[in-house]
Amino acid sequence: MLTMLGLLPTFQRRLVNWYRAARRDLPWRTERQEKSKLPDPYRVLVSETMLQQTQVATVIPYFQRFVDRFPTVHALAQADEQEVLQLWQGLGYYSRARKLRLAAQMIVQQYNGRVPDQIEQLLLVPGVGRYTAGAIVSIGYDQPAPIVDGNVIRVISRLDLIRTNARDDPGALKQIWLRAEAVVPRRNCADFNSGLMELGATICLRRNPRCAICPVRAHCQALATGQQDAVPPVRKKKILEKQRRWVLCIERDKRYLIQQRPARGRWASMWQFLTVTPGTEESTTDDITPALAVMNRLAGLKLRSLRLLSRFDHRLTHRHYTFTAYHCRLAKKARLGATQWQRWVSLEELEQYPLPQPHRNIAQLLPSAAEDGSA
DNA sequence: AATACGGGGGA
DNA sequence: TCCCCAGTATT
């Protein structure tokens with residue numbers, strides 16, 4: 001196997017040298033501790049958790065805000081879960097945020113605040129899987145550990161000419177992990193593994209790979225056989241479920257009703273405006289008059305002054321929502337108080353609540369909507 | 001082994 | 001529009 005990469009030390013040296021010349025300034029790498037010249041493992045834990053299924057450019061501003069607010073593992077361990085979620089809102093996969101906080105608590109209690117440097121220990125930390133554990137060991141501590149992410153899957157698939165897509169094929173994925181373990185050097189592990197990923201992100205692109213400037217093109221079987229555009233193949237398609245949601249921004253005395261979602265499932269424990277699923281008999285019309293009657297029935301409320309705010313699509317990986325957002329007021333007589341899961345908040349207070357992205361988008365429309373309504 | 005879990009980038 | 005992104009946990 002190893003012979004197919006050519007001389008392994010040559011491959012390693014070419015990749016590390018290329019990475020050291022080409023690497024980007026990333027906040028979790030540039031802020032190093034003076035003595036050790038290694039990044040703060042806590043920051044590696046935070047950044048690698050944010051980077052799961054998320055592109056680097058998206059993560060950077062979230063990372064800055066997060067470590068600014070929670071600069072140490074102790075600070076995060078003592079944090080309020082809602083505040084952690086609030087800093088995470090918009091980034092997606094919110095269980096990552098919840099588990100990262102639990103991870104900090106575990107590290108404080110069991111490891112006296114020091115992020116473990118052993119794979120077996122890291123795998124017991126909430127939200128830390130094989131990839132993140134390998135990243136912390138190799139990038140945080142510069143110790144040998146394999147690392148496989150979406151980039152490495154693509155790079156190794158081409159180097160070794162693996163013809164199935166490892167994202168659909170557990171056997172191929174296992175092969176790639178073994179390969180990643182076989183190629184990681186004993187020294188310069190951080191730059192080697194970072195280089196493997198950076199290569200996938202900038203050179204070994206999904207489409208139109210830039211083989212002409214690839215530092216390890218001499219080691220690539222896909223290029224040698226002219227199959228770099230066909231490897232890896234595209235994944236199997238997934239079914240996209242279409243759903244509709246009506247969102248009611250109910251206003252009373254310049255405050256809006258919000259409700260907390262259940263602690264499990266999508267957007268767990270986040271807050272939202274009252275959301276109802278229109279039945280199949282309800283048409284998609286924007287006509288307000290029939291809609292108001294339907295709203296009152298679905299929401300079980302006496303609403304008035306219903307006005308359309310916006311209609312927009314929101315796509316997730318497996319679902320395609322069409323949100324229709326309305327602004328309305330509560331009839332004078334109606335009573336609706338605050339409970340543990342339901343509150344009336346001003347627009348200013350709303351900023352402190354973690355909201356799903358579609359509801360955050362709707363919230364941005366409310367200031368002008370309120371003016372129109374009172375005019 | 002299959003599914004759930006967000007949102008955005010880029011062609 | 002489609003595929004993917006510095007994956008993990010649950011069922």
Side-chain angles (χ1 to χ4, degrees), chain A residues 19 23-24 26-29 44-63 85 88-100 102-103 122-136 138-140 146-157 165-171 173-174 176-177 180 190 193-202 204-209 229 232-241 261-262 264-270 312-321 354-361:
Chain A
Y19 175 70
R23 63 181 160 193
R24 296 177 273 181
L26 299 177
W28 45 90
R29 187 173 56 227
V44 175
L45 170 63
V46 173
S47 62
E48 295 299 340
T49 303
M50 287 186 169
L51 285 164
Q52 292 164 13
Q53 294 291 285
T54 310
Q55 296 186 168
V56 171
T58 305
V59 164
I60 289 174
Y62 285 90
F63 175 81
L85 271 180
W88 210 273
Q89 73 170 330
L91 199 52
Y93 284 160
Y94 298 97
S95 69
R96 291 184 295 176
R98 195 185 327 277
K99 285 170 182 160
L100 184 57
L102 295 177
L122 286 165
L123 289 176
L124 298 176
V125 175
V128 175
R130 223 169 159 189
Y131 162 79
T132 305
I136 290 171
S138 64
I139 296 173
I147 190 172
V148 172
D149 71 338
N151 290 307
V152 176
I153 286 175
R154 190 168 54 253
V155 169
I156 292 185
S157 292
N165 191 317
R167 304 166 75 78
D168 297 319
D169 180 353
L173 186 60
K174 185 176 181 182
I176 288 170
W177 271 100
N193 275 346
S194 300
L196 219 43
M197 294 190 288
E198 187 74 0
L199 189 73
T202 61
C204 200
L205 303 173
R206 182 164 61 96
R207 279 178 292 184
N208 302 321
D229 292 317
V234 292
R235 304 187 63 175
K236 288 181 285 187
K237 280 209 174 185
K238 288 184 178 176
I239 298 161
L240 197 65
E241 220 178 298
R261 294 179 59 88
R264 297 178 62 104
R266 185 163 298 177
W267 296 304
S269 299
M270 298 176 82
F312 60 94
D313 289 337
H314 187 78
R315 290 186 48 137
L316 303 180
T317 303
H318 299 349
R319 252 176 268 262
H320 185 160
Y321 290 103
L355 265 53
Q357 193 57 38
H359 288 261
R360 184 52 71 191
N361 293 341

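Only a predicted model underlies this, so the values are computations on that prediction, with no experimental measurement involved.
For A:R261, the salt bridge (Lys or Arg N to Asp or Glu O under 4.0 Å) criterion is met by no residue, not counting sequence neighbours. Contacts of A:R319 classified as salt bridge (Lys or Arg N to Asp or Glu O under 4.0 Å), with partners at least two apart in sequence or in another chain: A:E241. Residues that satisfy the side-chain hydrogen bond (donor to acceptor under 3.5 Å, both in side chains) test with A:T54, not counting sequence neighbours, are A:R96. Every side-chain hydrogen bond (donor to acceptor under 3.5 Å, both in side chains) that A:N361 has, sequence neighbours left out, goes to A:Q357. Partners of A:D313 by side-chain contact (heavy atoms from CB on, under 4.5 Å), not counting sequence neighbours, listed by chain and number: A:H320, A:T322. Every residue two or more places apart in sequence or in another chain that forms a salt bridge (Lys or Arg N to Asp or Glu O under 4.0 Å) with A:D168 is listed here: A:R235. Residues satisfying the salt bridge (Lys or Arg N to Asp or Glu O under 4.0 Å) criterion with A:R266, sequence neighbours excluded, are absent altogether. In this structure A:Y19 satisfies the side-chain hydrogen bond (donor to acceptor under 3.5 Å, both in side chains) test together with A:R29, sequence neighbours excluded.
Across the interface with DNA chain C, nearest-nucleotide mapping of A:L123 and A:M197 shows A:M197 to be the residue nearer the 5′ end. Both A:G265 and A:D168 lie close to DNA chain B; mapped to their nearest nucleotides by heavy-atom distance, the more 5′-ward contact belongs to A:D168. For the pair A:P170 and A:H314, both in contact range of DNA chain B, the more 5′-proximal nearest nucleotide belongs to A:P170.
Backbone-only contact: A:Q357 has heavy atoms under 4.0 Å from sugar-phosphate atoms and none from a base. Residue A:V152 is classed as having no contact, given no heavy-atom separation below 4.0 Å to the nucleic acid. Among the heavy atoms of the strands lying under 4.0 Å from A:V56 is at least one base atom, whether or not backbone atoms are also near. Across all strands shown, A:S47 has no heavy atoms under 4.0 Å from either base or sugar-phosphate atoms. Residue A:R206 is classed as a base contact, given a heavy-atom separation below 4.0 Å to a base. Within 4.0 Å of A:R319, counting heavy atoms only, lie sugar-phosphate atoms of the nucleic acid but no base atom. Within 4.0 Å of A:G90, counting heavy atoms only, lie sugar-phosphate atoms of the nucleic acid but no base atom. A:R360 comes within contact range of no nucleotide atom at all, as no heavy-atom separation falls under 4.0 Å. Among the heavy atoms of the strands lying under 4.0 Å from A:P358 are primed sugar atoms or P, OP1, OP2 only; no base atom is included. Among the atoms of the strands shown, none is found under 4.0 Å from any heavy atom of A:I147.
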Could you pull out all donor-acceptor pairs under 3.5 Å where a side-chain atom in residues 124-134 of chain A meets a protein atom, sequence neighbours excluded?
unit_1 : atom_1 : unit_2 : atom_2 : d
A:Y131 : OH     : A:E48  : OE1    : 2.4
A:T132 : OG1    : A:Q52  : NE2    : 2.9

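Across the C1' atoms, B:dC5 and C:dC5 are found 14 Å apart, a figure rounded to whole Å. For the P atoms, the distance from C:dA6 to B:dA11 is 14 Å, rounded to whole Å. Separation of the P atoms belonging to C:dT10 and B:dG6 is 14 Å when rounded to the nearest angstrom.
When DNA chain B is scanned in the 5' to 3' direction for atoms under 4.0 Å from non-hydrogen atoms of chain A, the outermost contacting nucleotides are B:dA1 to B:dA11. The footprint of chain A on DNA chain C, defined by a heavy-atom cutoff below 4.0 Å, extends from C:dC3 to C:dT11.
A:Q89 places a side-chain N or O within donor-acceptor distance of the main-chain N or O of A:L355, the cut-off being under 3.5 Å.
Between A:M197 and A:V152, the shortest heavy-atom distance links the atoms CG-CG2, 3.8 Å. Residues A:A166 and A:I176 share a closest heavy-atom pair of CB-CD1, 3.6 Å.
Taking a pair as Watson-Crick or G-U wobble with both distances under 3.5 Å, the runs of three or more consecutive pairs in DNA chain B are B:1-5 with C:7-11, B:7-11 with C:1-5.
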